[in-house]
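Worksheet: one structure, shown below.
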Amino acid sequence: MERPENLIPREEMVKILRDLAMLNAGRTTNMGILQKNNVEPMLYLYSKYGIDSAQFSKSDRYYASLPEEYERIYADVETLLESEKEEVEERKRVNDSLQTIEREAKRAAKRTKDTLP
């Protein structure tokens, strides 16, 4: 297949596909949030990356015509998603720990309250 004139660069394609995966996951998890905020995933991506459907489609087909490259692109997408998942899980662990410390501090404050006037 011939390389399109306005081929989306590989690194940007990885980001677009990562965002698309996240939007699709959001859509299957809680479609109401996207609808409530009037977010149509593909239109959002086109706007965010300054591309249109034809450019995305041609770029996707071009990369798909290069199976090894396409596989590497999706491997990079998976790596990004996994890294972001680990970051979110770490933030959740920290947040949970902070909430536990806060609860324990409140309990300790209640136990040590002076009952004398």
Next item on the list: Quick one: do Leu20 and Met42 satisfy side-chain contact (heavy atoms from CB on, under 4.5 Å)? Show the steps, please.
Entry: CA-CA 8 Å; Leu20 181 59; Met42 292 311 294; 3.5 Å; yes
For the atom pair [atom1] ([X]) and [atom2] ([Y]), what is the distance rounded to the nearest 0.5 Å?
{"X": "Lys92", "Y": "Ser97", "atom1": "NZ", "atom2": "OG", "answer": "10.0 Å"}
{"X": "Gln35", "Y": "Glu40", "atom1": "CD", "atom2": "CD", "answer": "11.0 Å"}
{"X": "Arg103", "Y": "Leu98", "atom1": "CZ", "atom2": "CG", "answer": "11.0 Å"}
{"X": "Glu78", "Y": "Ser83", "atom1": "CD", "atom2": "OG", "answer": "12.5 Å"}

Next item on the list: Identify the two heavy atoms, one from Leu23 and one from Pro41, that lie closest to each other, and give their separation to 0.1 Å.
Entry: CD1-O, 3.8 Å
Item checked: Arg18 to Glu84 - nearest heavy-atom pair and separation ->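 Answer, listing the atom of Arg18 first, then Glu84: NH1-OE2, 3.1 Å.
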Note to self: Does Leu17 form a side-chain contact (heavy atoms from CB on, under 4.5 Å) with Asp76? I'd like the steps, not just the answer.
What the structure shows: CA-CA 10 Å; Leu17 292 172; Asp76 288 352; over 6 Å; no
Notebook entry, point to check: When you look at CZ of Arg93, are more than 12 heavy atoms from neighbouring residues, nucleotides or ligands closer to it than 6.0 Å?
Noted result: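 Enclosed.
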Item checked: Atom CD of Glu89 with >12 non-hydrogen neighbours under 6.0 angstrom -> yes
Checklist line | Short side-chain to backbone donor-acceptor contact, Thr79 and Ala75, under 3.5 Å | finding: yes
Item checked: Donor-acceptor pair, side chain of Gln55 and main chain of Leu7, under 3.5 angstrom -> no
Next item on the list: Salt-bridge test for Lys15 and Glu11: reply yes if a basic N is under 4.0 Å from a carboxylate O, no otherwise.
Entry: no
Notebook entry, point to check: Does some side-chain heavy atom of Glu86 sit less than 4.5 Å from a side-chain heavy atom of Glu90?
Noted result: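 The answer is no, as the side chains (C-beta and beyond) never meet within the 4.5 Å cut-off.
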Next item on the list: Check whether any side-chain heavy atom of Tyr46 sits under 4.5 Å from a side-chain heavy atom of Asp52, and report yes or no.
Entry: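 Not in contact.
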Notebook entry, point to check: Between Leu81 and Val88, is there a shared hydrophobic cluster once you connect ILVMFWY residues whose side-chain heavy atoms come closer than 4.5 Å?
Noted result: no
Next item on the list: Kindly determine whether Asp19 and Tyr49 satisfy side-chain contact (heavy atoms from CB on, under 4.5 Å), including the steps that lead there.
Entry: CA-CA 11 Å; Asp19 286 356; Tyr49 290 97; 2.5 Å; yes
Check: Should Asp96 and Gln99 be marked as a side-chain contact (heavy atoms from CB on, under 4.5 Å) after you check the CA-CA gap, both sets of side-chain angles, and the distance that decides it?
Finding: CA-CA 5 Å; Asp96 289 350; Gln99 287 178 353; 4.2 Å; yes
Listing, residues 62-73 side-chain donor-acceptor contacts under 3.5 Å, not counting sequence neighbours, or none:
{"residue": "Tyr63", "atom": "OH", "partner": "Ile8", "partner atom": "O", "Å": "2.6"}
{"residue": "Tyr63", "atom": "OH", "partner": "Arg10", "partner atom": "N", "Å": "3.1"}
{"residue": "Ser65", "atom": "OG", "partner": "Tyr62", "partner atom": "O", "Å": "2.5"}
{"residue": "Glu69", "atom": "OE1", "partner": "Arg72", "partner atom": "NE", "Å": "3.4"}
{"residue": "Glu69", "atom": "OE1", "partner": "Arg72", "partner atom": "NH2", "Å": "2.7"}
{"residue": "Glu69", "atom": "OE2", "partner": "Arg10", "partner atom": "NE", "Å": "2.5"}
{"residue": "Tyr70", "atom": "OH", "partner": "Asp60", "partner atom": "OD1", "Å": "2.7"}
{"residue": "Tyr70", "atom": "OH", "partner": "Asp60", "partner atom": "OD2", "Å": "3.3"}

